[in-house]
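Per chain, numbering begins at 1; letters A, B, ... match sequence-line order. Hydrogens, waters and symmetry mates are skipped; everything else that's a heavy atom, side chains included, is used.
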Amino acid sequence: MDTTVYVPTDRTGAQPDRDRTTPDVPAARARTLSKVYGAGGSAVRALDAVDVDFAAGAFTAIMGPSGSGKSTLMHLLAGLDTATSGSAYLGTTETTRLGDAELTRLRRDRIGFVFQSFNLLPMFTAEQNILLPLELAGSRVDAEVREWFDTLVTTLGLGGRLTHRPAELSGGQQQRVAIARALIARPEVVFADEPTGNLDSRAGAEVLSFLRRSVRELGRTVIMVTHDPTAAAYADRVVLLADGRIAGDIVDPTPESVLAGLDALRSLEAPVQGTPQRDGVTR
Amino acid sequence: MLRLTLAQMRRSLGRLTAAGVAIAIGTAFVAATLIAGAVITRTSYDAVAASYADADLVVTSDDSVSAATVEALAQGDAVAAVDGRLSTWVELSNGSRRTVQQLVPVASDPRLDAQRVVDGRSPDEAGEIALPPAVAERLGVGIGDTLTAHVGQWADDAPGAPADGAAADGAASDPGVDPGVDPEAGPRWVERTEELTVVGVVQDPYGAYAQSGGAGVLTRAELEQWAGDQAVDGGDLTYDSAVVALADGADVEAARAALGEAVPADATVRTKDEQAQVMTAELTDGADVFTVIVLCFAAVALLVAALVISNTFQVLIAQRTRTLALLRCVGADRRQLRGSVLLEATLLGLAASLAGLLLGTGAAQAALWALGRMSLEVPLPATVSITPAVVLVPLLVGTLVTVLASFAPARAATRVAPLAALRPADAPAVTQRRNRPRLVLSVLLTVGGFALLAIAAVFGRSLGDLLGPLVGVLGGALSFVGVVVGSVFWLPRVVGACGRLVGRGGASARLAAANTVRNPRRTAATSTALLIGVTLVTMMSTGAASARVTLSDELDRQFPVDVELADGGAEQDGAAPLVGPALLSTVRAVDGVELVTTVAQGPVLVTATDGATGSVTASAIEPADATALLRTPSMVTGLSPDTVVVAQSLAQDLGLSDGDTVSVSGTETDPSTGAETAAGDAVQRTVVVTELPGGVALTPTTFSALTVPDAQDVAWARLADGADPSRVVPAIQDAVSDTAVMVTGAAVERALFEGIIDTLLAVVVGLLAVAVVIALIGVANTLSLSVLERRRESATLRVIGLSRSQLRGTLAIEGVLIAGVGAVLGIGLGVVYGWAGAVTVLGVVGDVSLEMPWGDLALVLAVALAAGLLASVLPARSAARTSPVAALAVD
């Protein structure tokens with residue numbers, strides 16, 4: 001059973017759903033979250049007692065070198081994988097304690113995903129792909145949903161492409177369809193996994209702008225995993241990971257500040273101070 | 001390349017196993033069929049060979065072997081013993097026990113004796129006999145007892161009327177001819193009795209006289225005497241053949257050459273084995289036909305297996321696109337890739353065929369064991385005989401089918417561009433190319449075939465008994481090939497349309513529907529594999545149902561009632577008539593008999609106003625009873641005390657029509673002239689002509705007004721509507737078996753032919769079921785391949801909110817869609833073919849009723865749908881196990 005107090009929101013279009021995630025409760029958080037792959041001598045500690053909060057209504061990037069545990073962190077937060085110890089929360093729901101059926105409902109109703117390789121269903125049109133999560137949940141497409149759908153389509157500039165199949169769309173267009181799909185059910189959090197990894201820089205910039213607009217204008221919460229400092233600079237905040245631990249935190253990043261932070265990780269192999277901008281550093 | 005091929009096979013082991021099972025089943029079918037054929041042949045061979053015992057040489061002739069030839073043989077060098085072979089059938093009795101038994105002479109040399117004395121001794125002198133144990137038991141005699149032989153003989157005056165059956169080979173002269181019945185004047189058949197003492201018990205361990213359950217043995221002199229007496233022409237004694245035992249150490253070939261010189265030109269000397277082979281070839285024509293027919297079903301199974309194999313390889317190639325492209329990048333040429341695929345198919349084919357061969361042999365051996373326990377009359381070999389053909393044919397056929405089925409996929413492998421290695425691997429997109437020649441071929445075959453079928457159905461009767469069905473079969477085969485060849489063009493559309501219908505049922509259904517049309521060729525091949533089996537099963541079942549009803553209707557027309565019981569015994573003065581209240585209550589008590597009543601029958605003379613007369617059988621029955629009793633009550637419409645119902649045939653003969661008046665009277669036959677004259681008073685009645693099968697029907701009132709000296713009561717019974725004649729009729733026969741009552745009627749005939757139809761149908765459907773099972777393996781295979789291909793897609797769906805059970809549901813619906821469409825189309829086609837076949841074949845019998853065997857069709861559909869569902873279980877389990885994280889993986 002879903003243990004959260006889940007209050008249906010007034011779906012008034014572009015307004016942030018304040019009552020879903022109040023400013024006091026982070027959209028997602030990890031508490032001494034650990035993940036160990038394998039056992040015995042060959043065991044790999046992918047996440048090591050991570051504590052981190054992700055604010056609602058913000059665009060947060062998780063960065064780190066390969067093998068730093070950034071993807072694992074996202075999988076655990078999104079309830080895609082099981083933790084070895086510790087807990088992860090989505091709003092007030094402890095996702096690490098849910099079973100498969102509850103996690104499925106959680107993903108359906110409260111989480112959206114954007115993938116590196118788009119993962120659209122090739123046999124469906126753009127519109128069918130966007131509406132698929134609602135269909136899986138068995139919800140009806142009523143006027144209110146239609147209005148939200150139109151808002152998304154307009155914002156993402158997909159108006160002329162709705163009847164096309166993925167094969168007939170460019171990479172950037174496919175990823176925008178994927179973003180619309182991730183947002184259609186008005187999830188509390190959208191997880192994006194290297195959303196620009198398969199795109200050229202122009203299409204990538206477009207996609208990142210859309211993600212940022214969905215936070216600023218549509219009031220969504222986005223958590224993005226990336227290894228591209230330029231992409232990370234679109235975020236409100238960057239969480240740096242190294243060797244399965246939080247290694248830094250940069251608020252209002254710029255490409256330069258992110259690069260500097262990453263360089264510091266590589267050279268010092270120790271927690272770094274994010275380049276202080278205004279509010280500065282947490283660790 | 002070999003190492004690479006093997007490595008790839010290891011990686012795809014699961015896939016290949018599933019495909020291999022399909023081939024293995026088909027091959028097992030072929031192997032078991034061949035073995036069964038071989039067993040039949042060998043059983044015949046053994047029986048023939050056994051009758052020659054340990055003879056070295058066998059002498060036969062086109063006609064028969066004369067006593068002189070046997071004499072000549074006996075003079076030959078190195079000849080130890082010669083026996084002319086003959087046998088005769090004689091009736092043996094002991095008190096009231098009697099049996100007609102085949103008798104053979106004592107062999108002059110133990111090597112020429114096919115039977116063994118197990119108790120007592122062989123007859124030494126006239127008046128002695130040795131018997132097989134079963135015969136001794138039947139007659140109730142033991143060693144030392146006497147019995148009576150009834151030896152027939154043609155009286156000397158004028159022999160030569162009937163042909164005797166002894167012209168064939170002498171292992172059995174024809175027991176069916178009973179010379180005593182010959183009604184012609186002239187040669188007279190007289191019987192004398194001879195007393196025989198039982199001196200021994202002989203056994204027939206090798207089945208030399210299996211048809212007669214072993215032969216009785218007499219001294220040669222006595223047997224030749226009796227055989228000569230019973231022979232028609234009474235001329236010189238001849239033998240069916242002669243068997244020769246050579247002296248120890250004699251050279252068989254030399255003796256054979258020498259004896260060949262000694263015998264007349266039309267006689268042939270063969271070794272025992274050669275002779276047995278010649279005989280077996282003659283005897284087993286039927287077995288060969290059986291083998292060929294069953295092999296046709298095996299071919300259907302293999303065709304279906306080929307579709308499954310082809311499918312599997314196509315998907316394997318698609319899965320390996322990247323590997324293949326990589327190989328191209330590092331220098332493999334097209335020929336090598338094609339070679340690799342064909343090599344893989346060959347290895348798979350060999351392995352699967354070998355498994356199939358073992359499976360088939362095992363099944364055949366198990367069947368032999370089972371049959372052996374049932375102690376049949378015919379001695380069966382204890383183990384199957386593994387001839388080179390039994391081993392090689394299934395292996396070759398299985399491998400060849402697999403390799404042929406992999407040709408198209410091998411071509412696809414060569415088309416993989418080296419560039420594909422550099423592209424991200426996504427679900428392999430199989431582009432559907434428009435294959436115009438295939439489309440044209442398919443349309444031509446389909447249209448032409450159905451045209452031929454229509455011709456056969458409409459004009460079948462004028463085409464003749466042979467040409468009509470031939471045209472029909474040709475048309476059916478051509479059109480079916482056309483349908484199967486063209487299935488790739490239209491089947492996916494049908495699946496798509498069905499999918500759209502199903503798709504309204506929710507997200508899982510819509511996903512499933514969309515998935516089925518993603519790879520039209522594969523869906524088509526999978527569905528077609530099932531369609532083939534279902535079509536053939538439905539065709540048989542529809543044809544059988546139509547045949548059943550058509551023949552039933554025809555029988556109802558020929559026989560007025562379901563069951564008629566009449567006194568079939570010889571007339572016994574003073575005895576109470578067999579048909580009476582006791583019989584009625586006996587029959588009425590039989591479960592499934594609805595109504596039984598007595599009907600008086602007797603010969604009457606019908607005279608028209610113009611004086612034309614006809615002598616027919618009249619049946620007296622109350623109109624109410626008749627309506628309840630007859631299957632076709634319209635036969636007696638208009639029957640009343642004032643009327644007489646007349647069959648159309650009689651009405652034609654006498655020029656009668658409805659409303660005419662005739663006079664009816666009983667008849668008397670003048671014993672000296674045989675002429676029939678009216679007896680007693682005639683009554684005037686109005687004619688009603690109906691489709692009564694023959695004679696006239698009147699009311700008992702009318703009948704009692706006549707003087708019918710030979711009137712006899714019969715009982716007419718009607719079975720309850722739901723009753724199964726094949727069960728009720730034997731029950732009636734059992735109930736009256738202690739009296740000489742004859743049971744006839746439509747239900748009796750119906751029980752007979754329904755038994756035949758049902759048995760045939762069961763056998764054919766059983767054979768076709770193999771093809772259906774293979775097709776279902778194909779459905780499971782296709783589904784699990786789809787699951788593999790769509791791993792990431794399934795994971796994506798899981799991430800965006802598809803639950804595990806929804807994912808399983810998606811696959812279940814996909815399986816049901818593929819299987820269901822194949823089954824429904826197969827049923828539709830099968831009904832058409834079944835009807836066409838029924839019209840073509842049964843048109844000769846009468847008006848054909850086209851029946852839908854709804855129960856059978858529903859069963860076929862239910863089995864197909866359930867199997868489609870079942871086929872999705874394993875793939876769905878593996879799909880549901882996929883972690884959603886896989887969606888995020890980038891490979």
*Within a reach of under 6.0 Å around NE2 of A/H227, are more than 12 heavy atoms found that belong to other residues, nucleotides or ligands?*
no
_Heavy atoms of other groups near A/R146 CZ, more than 12 under 6.0 Å_ = yes
*What are the two closest heavy atoms between A/M123 and B/A514, and how far apart are they?*
CG-CB, 3.3 Å
*chain B heavy atoms under 4.5 Å from A/F124: which part of the residue, side chain, backbone, both or neither?*
side chain
_Residue from A/N119, A/L121, A/L132 passing side chain to side chain contact (heavy atoms under 4.5 Å, CB included) with B/I800_ = A/L132
*What is the minimum heavy-atom distance between B/G801 and A/T104, and which atoms define it?*
O-CG2, 3.6 Å
*Does A/R107 reach the main-chain N or O of B/R798 with its side chain, forming a donor-acceptor pair under 3.5 Å?*
yes
*Below 4.5 Å from any heavy atom of chain B, which atoms of A/I111 appear? Answer side chain, backbone, both or neither.*
neither
*asked:* Looking at every heavy atom in both A/L136 and B/L797, which two are closest together, and how far apart are they?
replied: CD1-O, 4.0 Å
